Amino acid sequence: MAQKPSIPKGTRDFSPAEVNKRNYIFDTIKKHFQIFGFQPIETPSFENSETLMGKYGDEGDRLIFKILNSGDFLSKVDDVTYSSKNSGSLTPKITEKALRYDLTVPFARYVVMHQNEIDFPFKRYQIQPVWRADRPQKGRFREFYQCDADVVGANSLLQEVELIQLYDAIFTDLKLEGVHIKLNNRKVLAGIAEIIGAKHLLVNFTVALDKLDKIGEEGVKKEMLEKGISEESIAKAAPLFSLSGSTGEQLTMLKELLQDSEEGLEGIRELQFVMDTVKEIGLQSAQLSLDVTLARGLNYYTGTILEVSAPEGVKMGSIGGGGRYDDLTGIFGLKNVSGVGISFGLDRIYLVLEELGLFPKTLEQSIEVLCLNFGEEEALASLKLINTLRKLGVKADLYPTDAKIQKQFKYANNRNVPYVILLGEKELVENAFVVKNMANGEQKTFSIDSIEDFIASL
RNA sequence: GUGGUUGUAGCUCAGCUGGUUAGAGCGCUGGAUUGUGGUUCCAGAGGUCGCCGGUUCGAACCCGGUCUUCCACCCCA
């Protein structure tokens, strides 16, 4: 007895309707990427392990899918390593490749490998699946698509401004209005850590701070203490917890707090510039705000940090994020190439659009015209008609068998076909065809010699 | 990786403290209606109760394991 087939945890099949909706998002994102001057690249699904390992922190390494070596991979492992049963030391010896974890690190590798062919500044976009050995939840999968746009080789903060405009353009076009773009700067975080005397604990400090809206001030303080940050330090950071008011007021308060940190003040200047310039140009529907608690776990960000969350009332994690990384290509041996980029989480955007009912109704239509099948002779005439319609760009189809007309109509109805053509015995004689508008039930007769009249009525 | 949760017809879900032949709505198929769908009426098909094992005279129900779903951590898109 055959077992019921299944697919691995955290993976999905997509039905025609779902693929259509996903493509709608892909196409919208792609369109704006190109309008903003980004060019597409693609990289392999899997990379050499050393390209990926160590780039996302210990937590990230754990979530990277490793690919078992081919052939007799165990024979090359020495007895000591083998019998110690230590996954940490055994893993590197039996896996040399790993599935891509995000698109940014492979892109950095790409830039380094192709540095002599690339004209900098290089603006690239990349839309491909990535894999994470995470435990799935709603909106979290083990295979999912990322849509990235990055610029490398340009230090200008105008890039940040442009990427914010790009977020705004895409979400506005998707009719997802009112998304929140949160802005922060790693230098500000580093400056604060420096001022409070916890510079060596920067990562622990920021990870804890990032949870402010979730676990509250007391929770954050508790976590900081647990991570080895002294009470004295935490007290110094206190103003952060009660930061409020307009962007300008917040920046003024931060400036005061950071007056003895050169790095921190630099971060403030950067934030100020980006905020001011975006304000000058204006956004269509997105809301940009400052959020000093925004940290994001990825270690490689060095300047601007961006995160996008769904509009008020939609329960969903972030639907996009990004930032500036000055050293990413440095890991692969290319110094002084600054990069800044943003990412869109397709699957989460999908869930948000679905929840808010923002997908266009036309996506549910597979064809515009279905021609009913009345029998051999009529079908032949229908095919000729459809052939003409197709040449004119109309999505048209013939019902393949002369099933009962009722059944054929039902099929058209279920497929959301807006127009049904009836070309039966009677019409065949009269060299005509009847068009039924499925929405209102109206029927009109057209001559086969003047199909244009029908097209014009669509 | 830690702790919990879920799984019954194509879909959404009932199913009592373990007790004959596991139900409903929607969908599907056929008919009322041999050239007219979306409304209505009638009839029908469709189930290894996630999987493996255990307890029991008897298991959808209890126990163990496993897979899956979702949730809280962790982390993140």
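Note on naming: letters A, B, ... go to the chains in the order of the sequence lines (proteins, then strands), and numbering restarts at 1 for each one. Since the model is a prediction, treat every value here as computed from it, not as a measurement.
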Legend entry - B:C62: pairing nucleotide in any strand, Watson-Crick or G-U under 3.5 angstrom: B:G54
Legend entry - Under-4.0 Å side-chain N/O to phosphate OP1/OP2 contact, A:K9 with B:U68: yes
Inset, instruction - Check every strand shown and say whether A:K138 touches a base, only sugar-phosphate, or nothing at a heavy-atom separation below 4.0 Å. - result: sugar-phosphate
Inset, instruction - Nearest whole angstrom, please: distance from the P of B:C71 to the CZ of A:R140. - result: 10 Å
Inset, instruction - Please report the C-alpha distance between A:L423 and A:L372 in whole Å, then the side-chain angles of each, then the deciding distance to 0.1 Å, and finally whether the side-chain contact (heavy atoms from CB on, under 4.5 Å) criterion is met. - result: CA-CA 7 Å; A:L423 203 170; A:L372 302 195; over 6 Å; no
Legend entry - Who pairs with B:G25 - Watson-Crick or G-U, where each distance is under 3.5 Å: B:C11
Legend entry - Inter-nucleotide P distance (B:C62, B:A43), Å rounded: 36 Å
Inset, instruction - Ignoring hydrogens and angles, answer whether the base of B:U69 and the side-chain atoms of A:R135 contain a donor-acceptor pair closer than 3.5 Å. - result: no
Inset, instruction - For A:F141, report the nucleic acid contact type (base, sugar-phosphate, nothing); a contact means any heavy atom under 4.0 Å. - result: base
Inset, instruction - Could you tell me whether the phosphate oxygens of B:A72, OP1 or OP2, come under 4.0 Å of any side-chain nitrogen or oxygen in A:Q137? - result: yes
Inset, instruction - For A:G320, answer base if it contacts any base atom (sugar-phosphate contacts may also be present), sugar-phosphate if it contacts only those atoms, and nothing otherwise; contact means non-hydrogen atoms under 4.0 Å. - result: sugar-phosphate
Inset, instruction - Have a look at A:A439 and say if it touches a base, only the backbone sugar-phosphate, or nothing, with a 4.0 Å heavy-atom cut-off. - result: base
Inset, instruction - May I have the step-by-step check of side-chain contact (heavy atoms from CB on, under 4.5 Å) for A:Y411 and A:L370, ending in yes or no? - result: CA-CA 9 Å; A:Y411 176 82; A:L370 180 74; 3.9 Å; yes
Inset, instruction - Any chance you could list the contact pattern along nucleotides 27-35 of chain B? Use B for base contacts, S for sugar-phosphate-only contacts and - for none, protein heavy atoms under 4.0 Å, 5' to 3'. - result: -SS-S-S-B
Legend entry - Sugar-phosphate, base or nothing in reach of A:S318, heavy atoms under 4.0 Å: sugar-phosphate
Legend entry - Spacing of the P atoms in B:U29 and B:G37 (rounded, Å): 14 Å
Inset, instruction - Could you tell me the separation between the NZ atom of A:K182 and the C1' atom of B:C76, rounded to a whole number of Å? - result: 13 Å
Inset, instruction - Just call it for A:G375: base, sugar-phosphate, or nothing, with non-hydrogen atoms closer than 4.0 Å on any strand. - result: nothing
